[in-house]
Amino acid sequence: MIYSREHGYLFVEARSTASTAIAKELVENHGGVAIFHKHAEVHEAVQELGADEVARLFKFITVRNTLDIWETRYYHLVRNFEGIYTNPAVLQVN
């Protein structure tokens with residue numbers, strides 16, 4: 001999550017949406033500060049910054065086309081991405 005009091009925004013980093021690249025740009029060039037952990041949720045910001053502060057901020061998040069997500073998952077499966085589909089430790093269900 002990237003926060004800028006000066007510029008009045010809160011960027012929520014969603015998974016698989018290029019949020020790392022966007023967060024880097026905001027921190028390096030637009031007065032942002034990384035707060036919490038990557039993929040933190042807005043309720044964490046409310047707890048830390050207060051409801052009034054979060055309410056005044058412009059909040060934004062990126063989204064990704066659902067078909068692109070499934071295409072990526074398909075190619076990970078077909079290519080056995082990082083060996084996760086044949087690694088017994090990963091496939092083990094407890």
Side-chain angles (χ1 to χ4, degrees):
M1 187 173 295
I2 308 300
Y3 166 66
S4 174
R5 182 173 182 86
E6 175 188 359
H7 296 292
Y9 68 78
L10 184 68
F11 173 62
V12 180
E13 297 176 77
R15 297 181 194 285
S16 301
T17 61
S19 64
T20 301
I22 296 166
K24 182 179 177 185
E25 174 70 21
L26 291 171
V27 169
E28 291 178 358
N29 300 306
H30 303 284
V33 175
I35 59 173
F36 310 115
H37 54 88
K38 187 174 182 179
H39 309 308
E41 297 180 7
V42 173
H43 70 86
E44 295 173 75
V46 170
Q47 291 173 348
E48 183 70 25
L49 303 172
D52 291 339
E53 175 66 6
V54 173
R56 79 164 192 86
L57 297 171
F58 174 74
K59 294 160 284 296
F60 63 105
I61 189 169
T62 55
V63 294
R64 185 173 176 200
N65 183 317
T66 305
L67 291 175
D68 289 338
I69 294 169
W70 284 105
E71 179 182 23
T72 299
R73 289 181 181 169
Y74 171 78
Y75 283 111
H76 283 179
L77 177 63
V78 168
R79 296 177 183 152
N80 193 24
F81 180 71
E82 295 181 351
I84 62 174
Y85 301 105
T86 55
N87 182 341
V90 174
L91 297 174
Q92 184 178 7
V93 178
N94 294 329

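This one's a predicted model, so the numbers in the text were calculated from it and none came from an experiment.
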Using links of under 4.5 Å between side-chain heavy atoms of ILVMFWY residues, direct or through other members, which residues join L67 in one cluster?
-> none
Name all residues meeting the ring pair (Phe, Tyr, Trp, His ring centres under 6.0 Å) criterion together with Y3; count only those two or more places apart in sequence or in a different chain, and write none if there are none.
-> none
Listed partners of H39 passing ring pair (Phe, Tyr, Trp, His ring centres under 6.0 Å), at least two apart | none
M1 versus V12, closest heavy-atom pair with distance = CE-CG2, 4.3 Å
Shortest non-hydrogen separation from L57 to L10 and the atoms involved = CD1-CB, 3.9 Å
Under the salt bridge (charged side-chain N to carboxylate O under 4.0 Å, His left out) rule, what pairs show up with a residue in residues 54-64, not counting sequence neighbours?
-> E53-R56
For the residue pair F60 and F11, is the inter-centroid distance of their aromatic rings smaller than 6.0 Å?
-> yes
Does K38 have any side-chain hydrogen bond (donor to acceptor under 3.5 Å, both in side chains) partners at least two apart in sequence or in another chain, and if so, which?
-> T20
Other residues, nucleotides, ligands: >12 heavy atoms within 6.0 Å of N65 CG = yes
Distance-only donor-acceptor pairs under 3.5 Å for side chains of residues 28-37, two or more places apart:
unit_1 : atom_1 : unit_2 : atom_2 : d
N29    : ND2    : E25    : OE1    : 3.2
N29    : ND2    : E25    : OE2    : 3.2
H30    : NE2    : E25    : OE2    : 3.1
H37    : NE2    : E44    : OE1    : 3.1

Common cluster, I2/V54, ILVMFWY with side-chain heavy-atom separation under 4.5 Å | no
Flag yes if L49 and I61 sit in one hydrophobic cluster, no otherwise; membership is Ile, Leu, Val, Met, Phe, Trp, Tyr, and two members link when side-chain heavy atoms are under 4.5 Å apart.
-> yes
Euclidean distance, Q47 CD relative to E41 CD, rounded to 0.5 Å = 10.5 Å
